[in-house]
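Letters A, B, ... are given to chains in the order of the sequence lines, protein chains preceding strands, and every chain is numbered from 1. These numbers were taken from a predicted model, which means no experiment stands behind them.
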Protein chains: 2
Amino acid sequence: MSVQGSHGHSHGKGPQSLRLTKGAKKVLEVLERTDELSSAQDIHSALRNEEDSPPGLTTVYRSLESLVQLGLVQSVDFGDGERRYEMVKPGEHHHHLVCEKCRNSVHLDQCLVQQLEESIQAKYKFEVRGHILEIFGLCEQCQQAMATAGKK
Amino acid sequence: MSVQGSHGHSHGKGPQSLRLTKGAKKVLEVLERTDELSSAQDIHSALRNEEDSPPGLTTVYRSLESLVQLGLVQSVDFGDGERRYEMVKPGEHHHHLVCEKCRNSVHLDQCLVQQLEESIQAKYKFEVRGHILEIFGLCEQCQQAMATAGKK
DNA sequence: TTAGTAGTGAAAACGGTTTTCATTTGCTGC
DNA sequence: GCAGCAAATGAAAACCGTTTTCACTACTAA
């Protein structure tokens, strides 16, 4: 799968082609310099604050969809009804430790599921194609903050 | 934490107490005899078809919240914007292999994350309190169906 | 019976996301 | 350059699962 500039004849049939449109490039730029996870709205606000003619929210959503399909961005679901996005190395992905208090998150350096795929495949005859994994809890700082304060 | 009949003085301050209200009992009954995951709407429809005065959708949602807090039910998020529910052994939980084609799911008999908590705790100084894990792919039957048909 | 509190339901509100549809943009061939 | 197109875009509306509001009911304890 290759990344190309926008316009020109597309062969795919998706909602939009898998090319980097103008809007998608701007979205990608925002994600490139953010190490936090960003919601569509976050990205939209960021662009409104710096672009003369920023892409609309609709375009941001469409761009994110393309970028995810291109494997440049992953969408992350914390189960709170708001999807978040972040850049990944093309085709890769990673999971997070999310602090329930300060809401910061750190990447896990390796995927815990991938190494299990083989045994799942063998045991359940199930062909693994994807997964969701996010871990919630308390980061070190927040643990300490809670220990000194009157906890929970 | 103990499960009690409804009414009487509650000490908690949540949207509703952690007691088994009439509505919650009906919801639980539906989940008890369903081995598939059910959405709130699923449960609501099921009750409408069999009860003379079925609980409203609002009550179903509120009941599910209580049941989850009681540890009798777990909510499962497949990232498709619709939460699903199922009974669990009190206080336990499990994850699923979800077939992307037929949408059936099977339980994993052990939690892959729990056994990693200790190393996560040690490596990241992160206190694990919860997690989301769902695995998507193709079940055996659907793999075969795709092999015979002109595949995906 | 009488309070008092928890539970309930209908309808409205909410909020993130998707769809619709008319318009703009920028290729491509002529 | 210009016509012709298909893709991209944006504003507004639609969607849809979920939550909130608020008036009312039902249970429990005294």
| said: Rounded to whole Å, how long is the line connecting atom CG of L64(B) with atom P of dG17(D)? | reply: 15 Å
| Tell me: CG of L57(B) to P of dC14(C), nearest whole Å? | 19 Å
| message | With a 6.0 Å cut-off (strictly less than), is the heavy-atom count around CD of E50(A), excluding the residue itself, greater than 12? | response | yes
| Expressed in angstrom and rounded to an integer, what is the separation of R48(B) atom CZ from dG9(C) atom P? | 12 Å
| CG on L67(B) to NZ on K25(B), rounded to 0.5 Å | 11.5 Å
| By a strict heavy-atom criterion of less than 4.0 Å, which residues belonging to residues 74-83 of chain B are in contact with DNA chain D? | G81(B), E82(B), R83(B)
| said: Closest approach to the side chain of K22(B), judged atom by atom: which nucleotide of dG26(C), dC27(D), dG9(C) is it? | reply: dC27(D)
| query | Between L31(B) and L64(B), is any pair of side-chain heavy atoms under 4.5 Å apart? | reply | yes
| note | Separation of dA10(C) atom C1' from H44(B) atom NE2, nearest Å, is 11 Å
| What integer distance in Å separates R62(A):CZ from dT20(C):P? | 12 Å
| said: Can you tell whether the side chains of K22(A) and E51(A) come within less than 4.0 Å, N to carboxylate O? | reply: no
| query | Of the options H93(B), H95(B), E86(B), which is the one that meets Q74(B) in a side-chain hydrogen bond (donor to acceptor under 3.5 Å, both in side chains)? | reply | E86(B)
| field | Contact nearer the 5' end of DNA chain C, comparing T58(A) with Q41(A) | value | Q41(A)
| query | Roughly, in whole Å, what's the span from NZ in K25(B) to P in dA26(D)? | reply | 17 Å
| note | When rounded to whole Å, the CD1 to C1' distance for the pair I43(B) and dG17(D) reads 14 Å
| task | Would you indicate which nucleotide in dT9(D), dT8(C), dG17(D) comes nearest to any side-chain atom of T59(B)? | result | dT8(C)
| field | Backbone N/O of V98(B) and side chain of S105(B): donor-acceptor pair under 3.5 Å | value | no
| said: Nearest whole Å is fine: how far is dT19(C) P from Y61(A) OH? | reply: 13 Å
| Under 3.5 Å, side chain of E134(A) to main-chain N/O of G79(A), donor-acceptor pair present? | no
